[in-house]
Structure formats: C-alpha cells, structure tokens
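Side chains are part of it too, since the values below use all heavy atoms of this structure and drop only hydrogens, waters and symmetry mates.
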Amino acid sequence: MALGTIALSIALLGLALAILGLTLALAGGTWFYVALGVGVLASGVELARRRQRGLGIYALVLAAAFAWTVGEVGLDKWQWIPRGALLLLVGLVLCLPPVVRRLRDAPERPWKPGLGNGPLALRVVVLLIAASGAASWFFDPVETRGSLPKVAGAGPAAVDPSGVPYPADDWVAYGGTNLGQRYSALADIGTANVRGLAVAWEHHTGDLRGDSRADPKEFTFEATPIKVNGLLYLCTPHNIVQALEPETGRLVWAFDPKMARDGQYQHQTCRGVSYNDSTGYAPPAEADADRAAAVVAAVAECPRRIIAASVDARLYALNAETGALCRTFGADGFVDLKAQMPNLRRAAYQQTSAPLVTRNLIVLGSAIADNYYADNPSGVIRAFDVRTGAIVWKFDAGKPDATAPLRPGDKYEPNSAVAWTQFSADEALGLVYVPFGNRAPDQVGVARSRADEALIDALAALDLETGTLRWAFRTTYHDLWDRDNPSQPVLLTLPQGEGTVPAILIPTKVGNVWVLDRRTGAPIRPVSEVPVSTRTDIPGETPSPVQPMSSLGFTPAPLTEAGMWGVTPFDQIQCRLAFRSNRYDGNPFTPPQASEGAIVWPGNIGVFNWGSVAVDPVHHWMIATPQYLPYIYRLLPRPPGEPERRLVGADPEASPVNENLGGPYAVSIAHMRSALGIPCSAPPWGVRVGVNLADGTLAWKRRNGTVAGQKVGGLAVPLPLEMGMLAHGGTLTTAGGVAFTAATLDDRMRGYDMRTGEVLWSTTLPAGGQATPMTYRGRDGRQYVVIAAGGHGALGTTPGDSVIAFRLE
C-alpha cells in the first residue's frame with residue numbers, strides 16, 4: 001500500500017476519533033478521545049508529508065493511550081481492546097521497513113537511538129505495549145483463585161438431613177428431588193477420570209421450530225429429563241412427552257398432546273415432566289366413599305404416571321409404562337387450566353415449568369406473558385389430586401386468605417402476582433415453596449395495593465395440605481424492573497452455631513442469594529436495606545426509597561463510562577454516549593422513565609434465572625453461573641383514551657416495544673449494545689462461582705465460556721477466547737466432585753472441579769445446551785450424564801433436537 005494511502009487513512013481515523021470524541025465530551029464524557037483523535041490526525045498529516053516526525057507523534061499518541069487505558073481500567077486485558085487494539089495494529093503497520101523507507105527523512109539506521117528517531121520511538125512503544133499485552137494473559141483481575149473446603153469427616157451420604165434420599169441410580173424430579181439441589185450422590189465420574197467421558201448415545205426428538213406463525217422466536221429446548229421407573233422421561237418444546245431407554249436412548253413411547261400452536265406465545269418451551277407412583281394405594285377408612293372409589297379407579301388405570309403441562313395451559317397425566325392418557329384424570333386425561341380464569345386473551349396464559357408432584361398433589365403456577373397486556377389473567381397457584389385431577393386447594397395472591405376451591409361460576413382474582421418457575425417442597429415440614437414474581441404491568445406500579453405489594457416478588461411458604469400461607473419473604477420492594485423470582489428454591493441443611501438449620505436459598509435477578517430458615521422465613525445470612533433512587537416522571541408512581549440486599553450476592557458493581565466496552569474505539573464511544581444519554585443512578589433500581597431511557601443493570605434476564613443454582617449439600621457448597629447484561633428501559637405514553645392503540649415501531653427487533661395493551665404506557669426494553677451487536681458492558685458477561693455456604697464466603701470465581709461463534713458485525717468470531725459468556729440454563733453437581741453445565745452461548749458442555757472451578761473436560765454440542773444436565777446409573781451399572789441440546793431461539797444459539805448421554809469410555 002502506498003504511503004500516501006496509509007497517511008490518508010490515519011488522518012481520517014484521527015478526524016473520526018476527534019469528531020466522535022467531541023460529541024462524547026459535549027455529552028459529559030471523557031475528552032481523551034478528542035486529544036487522541038487530534039494526535040492521530042497530526043501523525044497522518046506528517047506522514048503525508050513523508051516526515052518521520054509522523055511516527056514519533058504516533059508513538060507519543062500510542063504511549064498516552066496505553067497510560068490512559070491502564071489508568072481507567074487497570075490490567076484487565078479485555079478492556080484494553082477497544083482503547084488500543086486498533087491503534088496498536090496501525091502502529092505495527094507503521095513500524096514495517098517498507099513504510100519507514102518511504103519517508104523523506106528516514107534515518108539511515110532506524111534502530112539508532114536519537115531524539116528525532118521516530119521509527120525507533122514507535123518500535124519501542126509498540127514492543128513495550130505488545131509485551132505488556134502478552135504478560136496480561138497471565139493475570140486476570142476478574143478471577144478469584146481458591147478452593148472450597150471439605151467438611152471434616154464427611155463421607156459419602158445417601159440421605160439428606162431432611163430425610164430425602166439423594167439422587168443416585170435415579171433422578172426423580174426436575175431438580176433431582178423436590179429439594180431442588182441438582183445434586184447426585186453418584187461418584188463414578190470424578191475429577192480423576194472425567195476426561196474419559198464420551199458420547200454414549202444421541203437421540204433426536206424430531207421436534208423443531210416451525211414458521212413464525214406457528215412458533216415464536218423464543219423456541220427453546222430447556223428440558224431436564226427425569227429417570228425413574230426404569231425409563232428416561234422428557235418433554236420437547238411442543239410438549240411432546242417421550243420415554244427413552246436410559247442405556248441406549250431408544251424411543252420406547254411418545255405422546256403428543258397436539259398443543260394449539262401460536263407464534264405470539266412469549267415462550268415455546270417445556271422444562272420438564274414429573275412422576276407419581278400410587279401403587280399400593282388403599283383409601284383411608286374415613287375417606288369419602290365416592291372420592292375413594294374415583295381414586296381407586298384412577299390408580300387401577302395408571303398406577304405409575306407422568307404428569308405434564310402444555311404451553312396452551314392444559315395439565316395431563318400419562319401411563320408411565322405405555323404413554324397412554326390416563327382417562328380417569330380430569331376430563332378424559334386433561335385438566336383445562338384456563339377454566340374460571342379471567343382476562344383470557346390470545347397467547348397470554350401459558351405453562352412452561354414442570355409441575356411439582358409432592359405427596360398426592362400436583363402444585364403449579366403459570367407463565368403469563370410479560371408486558372403483552374396491562375390486565376392479565378390470574379397468577380393463582382393450584383393444587384390438584386395427582387390421581388384424579390380434582391382441585392384440592394388454591395392460593396391466589398389477590399385473595400390470599402381464601403384457599404378453598406372456587407365455586408362453579410366464580411373466577412380467580414385478575415392480574416394477581418405470578419409464579420412461573422419451578423417450585424420446591426419439604427414434605428417433612430409440610431410446606432411448598434413458591435417464588436412469586438410481579439403483576440402487570442411490570443414497570444408501572446401506580447395501581448398496586450398494599451395487599452398486592454405483600455406478595456409481589458415474595459418467596460411464599462404454603463401449607464401442603466391446605467394452601468394456607470405460613471410465611472412470606474419479600475425480595476424486592478415495589479418492583480418496576482421485572483425482578484420476579486425466577487429460580488427454583490434450593491433446600492439444604494446448613495451449620496449454625498453448635499447445631500444446624502434447615503435452610504432455603506432463593507437466587508434472584510438482582511443477584512441476591514437469600515439464605516433463609518425454611519421453617520420461618522427468617523434470614524440466616526445478614527440482610528440490609530440500602531437507599532436507592534426514587535425520582536420519576538410517572539404521575540402517581542412511588543418508588544421504594546430502600547431495597548433489601550443480601551450479604552451473599554453477585555450484584556455487579558455499578559456501571560461507569562470507563563466500563564463501557566467495544567471492539568474498536570468507535571463502538572466504545574457509541575456505548576459511552578449511550579451511558580451518558582440515558583439515566584442511570586448507580587444502582588440496580590433506576591426507575592423507568594417516560595422522558596428518557598433508564599439503564600437497568602443487571603437487566604431483566606437477571607444475574608440468575610430459571611437455571612437457579614446447584615449445591616453440594618454434604619460439604620455445604622454452592623455452584624452457580626451469574627450473568628451480566630445491561631438493558632435500557634423506556635416507558636412510552638399511549639395517547640389518552642386509546643388504551644388499545646399499538647405503538648410498535650417499524651423495526652420491532654431493533655427497538656422492541658412491549659405493548660401493555662389496555663394501560664397508559666407501553667415499554668421499550670432493549671439490550672444496551674453497540675451497532676456491532678456487542679454488549680456495552682465489559683466482559684465477563686458470565687462467570688462461574690463456588691461459595692462456601694457455611695460462612696457465605698466466595699472461594700473461587702472464573703470466566704465462564706468463550707466467544708467462539710458469536711457474531712460481531714455479522715461475522716462469526718473464529719477464536720475460542722474465554723471472555724465469560726451468558727449461561728442461560730442450570731448446573732449439575734455430583735459427589736464425584738465434578739460440576740457439569742452446558743448453558744453458555746458457545747454450544748459447549750463443560751465438566752469442572754467443584755472445589756476450584758477449573759475446567760477438566762469439555763466437548764462441543766451439536767446445538768445450544770440451554771438446559772440443565774442430569775445424571776443416573778443405568779442397568780449396566782454405569783453412570784450417565786445427559787443434556788438436552790436444542791438451542792435457544794432468542795439467544796441465537798444453534799438450533800437442534802438432540803438429547804445426548806455421556807459415559808466413561
């Protein structure tokens with residue numbers, strides 16, 4: 001390339017940096033990019049004159065940029081990229097002999113020291129920065145290296161202190177058991193041999209996304225199979241239940257409920273099915289004769305049954321041996337969950353999580369679409385007889401004291417708080433634990449009553465027999481950010497003083513991990529209330545002046561302009577401008593506004609979501625994968641008197657609008673990212689952590705996942721750089737000391753040492769593994785680890801329909 005062309009390119013680069021930098025500076029941001037641009041422009045001008053002074057100026061600019069970078073972000077190599085990678089690349093080009101030789105006053109010996117030797121100055125600066133970059137690979141300020149302590153004298157355990165056997169040969173419920181621990185007592189696969197894992201079998205469900213009229217973009221295979229009764233049971237995104245032979249993956253039977261498909265559903269997924277064994281049932285002597293006869297007939301038809309729910313809101317029971325509908329359940333095998341439901345509108349009422357089966361009950365909530373309508377169906381929690389489908393009790397946050405089933409013709413309370421994720425239960429205490437979320441609209445709370453606020457974003461403990469509220473713990477006050485509790489509660493026993501306490505963990509979108517006494521809801525780990533911002537331009541809105549925070553949590557540090565990221569200075573300046581042009585009050589609770597955008601950090605995908613956390617209940621460890629993405633919220637006023645008017649823009653994908661039809665505001669919820677599609681927050685966007693729950697201390701933290709395959713400006717990144725990626729899914733822990741997760745966006749599954757977080761084994765999956773692994777022992781005596789790999793439509797991972805089992809070779 002001709003020197004003139006190089007000089008012109010550098011001058012234009014400097015001019016662009018100076019202009020964009022001035023825009024940023026006038027918005028209240030740093031002035032450094034103005035100075036940087038002027039320096040690069042001056043260098044280009046001198047190079048156009050073929051003066052080696054141009055190289056000297058560029059050396060000075062490069063050195064100043066490096067010093068400024070270290071001053072802003074320290075030694076985090078990934079944050080050096082937007083500030084220096086492009087400039088360093090240009091500097092490398094300018095160091096080349098063909099460039100130097102074309103200068104009119106090029107030194108005879110370019111390596112000879114001298115004040116006027118521009119080529120030498122530039123080469124020294126480039127070499128020093130390159131060496132610093134190489135050295136930075138051996139240091140990561142984000143990571144914490146440590147080791148989780150084992151409990152002295154604790155050996156293999158088969159039964160939890162609550163009396164529930166730990167999963168081993170079987171995996172009997174979504175979370176392993178109804179304790180939700182995601183832990184297996186199997187130890188055949190351990191830290192010493194996990195590298196020998198290989199594919200044992202792969203099953204294709206045949207259930208793939210249809211066109212956009214039939215299936216939404218968020219078409220996801222998030223199922224965790226259960227293994228019980230000698231079979232492996234799972235559900236596909238369209239709620240097709242399949243039973244597989246655990247050792248081979250051979251399909252034994254399948255049942256398709258023929259759900260009503262609709263591209264307007266917010267989620268098209270099924271996270272799991274449940275199991276009940278009623279063999280040996282004998283009605284109690286005092287039982288009602290008619291009811292007892294109905295139960296006996298139901299048990300005779302289906303002594304062992306699979307319980308499932310469909311996205312189109314039907315609950316159904318299948319014979320676990322054959323897959324045939326249990327016709328004595330509900331009406332010809334189905335219970336219509338929309339019966340007596342108010343405010344039913346298109347695609348608003350759904351079921352996505354596995355029903356909780358405990359004692360002789362099915363307990364489930366609902367997944368009501370966020371921000372479709374301002375007045376939603378009820379969020380009622382219902383318990384049904386697992387054999388007949390008859391309703392036993394209800395708990396409605398809109399009328400919490402009335403738990404008896406509705407009378408014919410009555411309806412549930414409209415728009416009450418919703419619980420859409422997986423529930424947990426302690427049968428010894430007789431409690432079911434329900435993680436409630438918000439009520440519509442998520443971002444406007446002017447219509448909420450004090451009674452509403454008592455259960456919005458609360459963890460509620462309900463009496464298993466009656467549905468009566470025993471206690472509730474609020475995790476957010478006056479939620480305006482969609483901070484619903486998304487995770488299955490995790491139950492385990494923790495040391496306390498000289499004894500132990502039955503505990504419950506509840507991870508949240510804010511990043512708090514609440515550690516409570518599950519008998520009473522009293523905090524075990526300290527809780528504080530922190531002051532937060534309350535300024536709002538929404539008439540009648542009253543944001544809470546304080547929010548509760550747990551001493552155990554992974555809420556990210558506040559965003560700063562210096563923390564904005566990018567691949568080049570240009571997209572970083574764009575993100576800095578976004579930071580300056582939207583309101584952000586330095587905490588996770590900046591109220592949404594109508595007059596300006598509000599940065600919500602962490603965003604509504606949450607630090608934790610439905611993947612929850614996993615524990616080792618024997619050694620009191622917690623293994624988790626926190627994630628971090630910023631969003632920009634803005635409330636969009638609807639014209640007075642036009643509550644049903646749609647406000648969707650011309651390009652809803654680029655600027656998504658959630659309508660909240662019937663309300664005064666729609667809401668725009670957009671990822672805060674640059675034009676290249678990269679998050680504006682600096683990596684890591686996901687980490688994995690190990691916590692000692694005995695004292696609440698972090699033992700280790702590591703970046704989780706690579707950027708391989710991610711798109712930057714439409715081009716896939718070819719290098720597996722471990723920067724730390726979003727992990728939308730769950731983790732499996734085992735007595736062998738290995739944790740497994742496949743939820744990162746790089747389509748890989750990993751096995752890592754639970755004590756240190758070090759990756760011991762990884763493999764590429766045929767599709768995204770946005771699910772939670774499980775494990776069991778087959779009839780052949782070997783331990784299998786299974787993952788559903790079908791991708792996540794909204795996150796853009798590779799779609800597919802695989803269920804894959806691994807075992808030692």
Can you name the nearest heavy-atom pair linking [X] to [Y], along with the distance?
{"X": "Q351", "Y": "A309", "answer": "CB-CB, 3.9 Å"}
{"X": "C235", "Y": "A223", "answer": "O-CB, 3.3 Å"}
{"X": "P558", "Y": "Y584", "answer": "CA-OH, 3.3 Å"}
{"X": "P486", "Y": "F608", "answer": "CG-O, 3.3 Å"}
{"X": "S544", "Y": "V532", "answer": "O-CG2, 3.3 Å"}
{"X": "Y349", "Y": "A313", "answer": "CD2-CB, 3.5 Å"}

Any salt bridge (Lys or Arg N to Asp or Glu O under 4.0 Å) involving [range]? Give me the pairs, sequence neighbours left out, ordered by first then second residue.
{"range": "residues 449-462", "value": "R439-D452"}
{"range": "residues 658-671", "value": "R638-E659"}
{"range": "residues 536-559", "value": "none"}

Is a side-chain N or O of [X] found less than 3.5 angstrom from the main chain of [Y], in a donor-acceptor match?
{"X": "Q268", "Y": "P237", "result": "yes"}
{"X": "N415", "Y": "A440", "result": "yes"}
{"X": "Q422", "Y": "S612", "result": "no"}
{"X": "S674", "Y": "C575", "result": "no"}
{"X": "Y174", "Y": "R182", "result": "no"}
{"X": "S310", "Y": "N239", "result": "no"}
{"X": "W601", "Y": "A557", "result": "yes"}
{"X": "E413", "Y": "V380", "result": "no"}
{"X": "R645", "Y": "L661", "result": "no"}
{"X": "E222", "Y": "A771", "result": "no"}

Evaluate the ring planes of [X] and [Y], with Trp represented by its six-membered ring, and classify them as parallel (under 30°), tilted (30 to 60°) or perpendicular (over 60°).
{"X": "H728", "Y": "W610", "result": "perpendicular"}
{"X": "W685", "Y": "W565", "result": "perpendicular"}
{"X": "W481", "Y": "F589", "result": "perpendicular"}

When you check the side-chain N and O atoms of [X] and [Y], is any donor under 3.5 Å from an acceptor?
{"X": "R583", "Y": "S595", "value": "no"}
{"X": "D585", "Y": "S533", "value": "yes"}
{"X": "T475", "Y": "T508", "value": "no"}
{"X": "S378", "Y": "D396", "value": "yes"}

Taking the side chain as every heavy atom from C-beta outward, state whether [X] and [Y] have any pair of such atoms under 4.5 Å apart.
{"X": "I504", "Y": "Y433", "value": "yes"}
{"X": "I506", "Y": "V513", "value": "no"}
{"X": "P342", "Y": "Y412", "value": "yes"}
{"X": "D482", "Y": "D370", "value": "yes"}
{"X": "V687", "Y": "F554", "value": "no"}
{"X": "V434", "Y": "F436", "value": "yes"}
{"X": "Q572", "Y": "R576", "value": "yes"}
{"X": "H267", "Y": "V311", "value": "no"}

Checklist entry - With sequence neighbours left out, what residues match A214 under side-chain contact (heavy atoms from CB on, under 4.5 Å)? => result D211, R261
Checklist outcome for this item: Sorted by chain and residue number, the side-chain contact (heavy atoms from CB on, under 4.5 Å) partners of V418 (sequence neighbours excluded) come out as S366, I368, W420
Ion pair check, [X] and [Y], cut-off under 4.0 Å:
{"X": "R703", "Y": "D76", "result": "yes"}
{"X": "R748", "Y": "E722", "result": "no"}
{"X": "E596", "Y": "R634", "result": "no"}
{"X": "K701", "Y": "E143", "result": "no"}

Working to the nearest 0.5 Å, report the span between [atom1] of [X] and [atom2] of [Y].
{"X": "T476", "Y": "N485", "atom1": "OG1", "atom2": "CG", "value": "6.5 Å"}
{"X": "N658", "Y": "D442", "atom1": "CG", "atom2": "CG", "value": "9.0 Å"}
{"X": "M725", "Y": "L721", "atom1": "CE", "atom2": "CG", "value": "11.0 Å"}

Next on the checklist: Using side-chain contact (heavy atoms from CB on, under 4.5 Å), reason through L559 and I599 one step at a time and then give a plain yes or no.
Outcome noted: CA-CA 9 Å; L559 286 177; I599 298 174; 3.8 Å; yes
Checklist entry - Considering the options N604, D484, D479, which one meets the side-chain hydrogen bond (donor to acceptor under 3.5 Å, both in side chains) requirement together with K509? => result D484
Checklist entry - Can V432 and L356 be said to form a side-chain contact (heavy atoms from CB on, under 4.5 Å), step by step? => result CA-CA 9 Å; V432 57; L356 176 74; 3.4 Å; yes
Checklist entry - Could you walk me through whether T772 and R271 pass the side-chain hydrogen bond (donor to acceptor under 3.5 Å, both in side chains) check? => result CA-CA 9 Å; T772 303; R271 297 194 183 98; over 6 Å; no
Item to check | Pairing residues for W514 by the ring pair (Phe, Tyr, Trp, His ring centres under 6.0 Å) criterion, not counting sequence neighbours | outcome: F473
Next on the checklist: What verdict does the side-chain hydrogen bond (donor to acceptor under 3.5 Å, both in side chains) test give for D746 and T706, after you've listed the backbone C-alpha separation in whole Å, the side-chain angles of each residue and the deciding distance to 0.1 Å?
Outcome noted: CA-CA 6 Å; D746 54 3; T706 72; 3.0 Å; yes
Item to check | side-chain contact (heavy atoms from CB on, under 4.5 Å) between R673 and I678, intermediate numbers included | outcome: CA-CA 5 Å; R673 56 189 177 189; I678 299 170; 5.7 Å; no
Item to check | Worked check of side-chain hydrogen bond (donor to acceptor under 3.5 Å, both in side chains) between D375 and N343 | outcome: CA-CA 7 Å; D375 197 7; N343 298 340; 3.1 Å; yes
Next on the checklist: One pair to check against side-chain contact (heavy atoms from CB on, under 4.5 Å): V600 and T590. What are the steps and the verdict?
Outcome noted: CA-CA 7 Å; V600 178; T590 302; 5.9 Å; no
Checklist entry - Given the rule in the side-chain hydrogen bond (donor to acceptor under 3.5 Å, both in side chains) test, do Q770 and T797 qualify, once you have shown the distances and angles that lead to the verdict? => result CA-CA 9 Å; Q770 281 67 60; T797 54; 2.7 Å; yes
